[in-house]
Protein chains: 2
Amino acid sequence: MRDTRAALLLQAETLVRRRGYAGFSYADLAETVGIRKASIHHHFATKSDLAHALVAAYDARYDAALAGIRADEPDAIGRIAAYGALYLGGVEAGLGCLCAVLAIEGEALPASLRADIVGFFEKHIAWLEGVLAEGIAAGCVRASVEPGPTARMVIAALEGALLMERLLAGPAGFRGTLTALCDGLRAAGSVPTGVSSHRIDTI
Amino acid sequence: MRDTRAALLLQAETLVRRRGYAGFSYADLAETVGIRKASIHHHFATKSDLAHALVAAYDARYDAALAGIRADEPDAIGRIAAYGALYLGGVEAGLGCLCAVLAIEGEALPASLRADIVGFFEKHIAWLEGVLAEGIAAGCVRASVEPGPTARMVIAALEGALLMERLLAGPAGFRGTLTALCDGLRAAGSVPTGVSSHRIDTI
DNA sequence: GTTGTTCTACCAATTAGTCGGTAGATTTCC
DNA sequence: GGAAATCTACCGACTAATTGGTAGAACAAC
């Protein structure tokens, strides 16, 4: 049995992450999946329905990854390094972050989709804020770090690095940024931890 | 006298920065400028010609701003804060960075345009690397900072913050990220400097 | 009167989305 | 268990609108 809906979601996601939301068409998607254009409408009535489903699936995958990192990595800096490694997967595959791509085209997008994206980012900011606060309490993160603004700065740096290094220096460039980022957060006495092996499942 | 070419560049830039390259059309641009669609082709034969001119003008404006900051701000952290304030202008106006927008749609863009964008980012990385190296030598930037990777991290954080905070917390969110970024670079003994008043001219 | 600018009027291609219909399962009901 | 009804997945053939781009005439300015 062939799960067409899943194939559509998978291929649509890579198309959006490669070329943007306005940059791919139902015709493109139909061709890569090997189905007729009209049949896509059977699964996703409109393009924005498809986009919603895309964000929901992406968000769910990240939820799982975030929970996994929290469970596997005891150290705050290790958790942030592992979180950054999720983005590294995108650089390696030549794919931007789905939500960053959609955020950039924000103005031209349906408002409900924008709300989904805001929710995605705010969830990640809250997660990082918690990680940083715990890290400060445990003494592995610099005491002068403010968890709120720094959480925003961390995710901004990773989103920005994914955006840039995909075109510039690739994975090597991204790893440099991630290391510089972690080094700036670590408390003076704390020992660096290695790069984690966390991966976002699909793609 | 009415400089149509300049008006086209100005309006096209805001359209791209709001909706993306694939997200605006010659019809949109014609309407905002108050000209017929065919007349645009007289000034910019193809859409990618227009995009090239857009990047060239944007790049030139940043060149001037970078030189101004270097001349006016003696301190490395002050220079980076001033550089970040350029991006703040985008957040306030609700506009993304032109090159970030184009970078995201990279795969769907003409290759020559991609090269322009790579050049833009590399120039800024080199500028920041110089600023950081001088700052370390002067003692206002943490000695453990590595100028190369950290320069990439700084621009990534600013690009990412512009991307995100345009949708999330606006200028206040961006300022928080900028402060957290600068705080992470400053040497322990160094005194914080205020936010500069540097602005990118047009828009 | 020539040069630069803008216009009207068009073009072929592509866009998202609709239409009526079909083959094959699955369910319902006697 | 077998007929009838319903549902799922897909298709070819559309549509109206929009896409970037072209040809040639009108108009302006020096």
Side-chain angles (χ1 to χ4, degrees), chain A residues 1-55 57 101-102 104-114 116, chain B residues 1-55 98 101-102 104-114 116:
Chain A
M1 177 216 172
R2 173 168 143 64
D3 190 344
T4 306
R5 194 191 142 92
L8 285 169
L9 283 173
L10 178 68
Q11 297 300 333
E13 184 181 311
T14 80
L15 281 172
V16 174
R17 292 173 67 185
R18 259 200 259 269
R19 319 214 284 237
Y21 178 72
F24 92 100
S25 73
Y26 266 34
D28 297 329
L29 180 56
E31 202 191 345
T32 65
V33 172
I35 208 182
R36 292 291 141 154
K37 193 168 68 75
S39 307
I40 303 177
H41 286 280
H42 173 72
H43 297 276
F44 304 99
T46 68
K47 204 183 175 186
S48 64
D49 285 343
L50 172 58
H52 269 104
L54 247 28
V55 174
V101 171
L102 294 174
I104 279 230
E105 294 173 79
E107 197 117 338
L109 259 45
S112 59
L113 195 51
R114 240 175 304 170
D116 289 356
Chain B
M1 175 216 170
R2 174 168 144 64
D3 190 345
T4 306
R5 193 189 143 93
L8 285 169
L9 282 173
L10 178 68
Q11 297 300 333
E13 185 182 308
T14 81
L15 282 172
V16 174
R17 292 173 67 185
R18 260 200 257 269
R19 320 214 283 237
Y21 179 71
F24 92 100
S25 71
Y26 265 34
D28 297 328
L29 180 55
E31 201 191 346
T32 66
V33 172
I35 209 180
R36 294 289 138 153
K37 192 166 67 78
S39 306
I40 303 177
H41 286 280
H42 173 72
H43 298 275
F44 303 100
T46 70
K47 204 184 175 184
S48 65
D49 286 342
L50 172 58
H52 269 103
L54 246 29
V55 174
L98 178 70
V101 170
L102 294 173
I104 281 229
E105 293 173 81
E107 198 118 336
L109 260 43
S112 58
L113 195 50
R114 238 175 304 170
D116 289 355

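Lettering of chains follows the sequences in order, A, B, ..., and the numbering in each one begins at 1.
Judged as a salt bridge (Lys or Arg N to Asp or Glu O under 4.0 Å), and not counting sequence neighbours, A:Asp49 has no contacts. Contacts of A:His52 classified as side chain to side chain donor-acceptor pair (under 3.5 Å), with partners at least two apart in sequence or in another chain: A:Ser112, A:Asp116. By the side chain to side chain contact (heavy atoms under 4.5 Å, CB included) test, A:Val101 is found to be paired with A:Val16, A:Glu105, B:Ile104, residues two or more places apart in sequence or in another chain being considered. Under the rule for a side chain to side chain contact (heavy atoms under 4.5 Å, CB included), A:Ala57 has no partner lying at least two apart in sequence or in another chain. In this view, B:Arg18 satisfies the side chain to side chain donor-acceptor pair (under 3.5 Å) rule with no residue, not counting sequence neighbours.
Counting only residues at least two apart or on different chains, no side chain to side chain donor-acceptor pair (under 3.5 Å) pair has a member in residues 29-41 of chain A. Sorted pairs that involve residues 38-47 of chain B and meet salt bridge (charged side-chain N to carboxylate O under 4.0 Å, His left out), not counting sequence neighbours, are lacking altogether.
A straight line from CZ of A:Phe44 to P of C:dA16 spans 15 Å, rounded to a whole angstrom. For A:Glu31 and C:dT15, the CD to P distance is 11 Å, given to the nearest whole Å. Atom CG of B:Leu29 and atom P of C:dT6 are 12 Å apart (whole Å). Between the NE2 atom of B:His41 and the P atom of C:dC11 there is a distance of 16 Å, given to the nearest Å. Atom pair A:Leu8:CG and D:dA9:P shows a separation of 11 Å (rounding to whole Å applied). Rounded to a whole Å, the CG atom of A:Asp3 is 12 Å from the C1' atom of D:dA9.
The side chain of B:His42 approaches C:dG4 more closely than any other nucleotide in the set D:dA9, C:dG4, D:dC11. Closest contact between the side chain of A:His43 and the listed nucleotides D:dA9, D:dC11, C:dT6 involves D:dA9.
Contacts between residues 104-111 of chain B and DNA chain D, defined by a heavy-atom separation under 4.0 Å, are absent.
Screening B:Leu102, B:Leu9, B:Leu8 for a side chain to side chain contact (heavy atoms under 4.5 Å, CB included) involving B:Leu54 leaves a single residue, B:Leu9.
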Listed pairs, N/O of protein and of nucleotides 26-30 of chain D, under 3.5 Å:
none

Short heteroatom pairs, N/O only, protein and nucleotides 13-19 of chain D, under 3.5 Å:
unit_1 : atom_1 : unit_2  : atom_2 : d
D:dT19 : OP1    : B:Ser25 : OG     : 3.2
D:dT19 : OP2    : B:Ser25 : OG     : 3.4

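Atom NE2 in B:His43 sits 5.0 Å away from atom CD1 in B:Ile35 (nearest 0.5 Å). To the nearest 0.5 angstrom, B:Tyr21 atom OH is 6.5 Å from B:Leu113 atom CG. The CD atom of A:Glu107 sits 12.0 Å away from the CZ atom of B:Arg17 when rounded to the nearest 0.5 Å.
Nearest approach of A:Val33 to A:Ala7, heavy atoms of both residues: CG2-O, 3.9 Å. When every heavy atom of B:Phe44 is checked against every heavy atom of B:Tyr26, the shortest pair comes out as O-OH, 3.1 Å. Here the closest heavy-atom approach between residue B:Ile40 and residue B:Ala30 is recorded as CD1-N, 3.6 Å.
Over its length, the helix from C:dG1-D:dC30 to C:dC30-D:dG1 turns its helix axis by 30°, as judged from the five terminal pairs at each end, rounded to 10°.
Residue B:Ser39 has a polar side-chain atom (N or O) positioned under 4.0 Å from OP1 or OP2 of C:dC7. Remark: A:Thr4 is in phosphate contact with D:dC10, judged by side-chain N or O atoms under 4.0 Å from OP1 or OP2. Taking 4.0 angstrom as the limit, A:Thr46 places none of its side-chain polar atoms (N or O) nearer than this to OP1 or OP2 of C:dA16.
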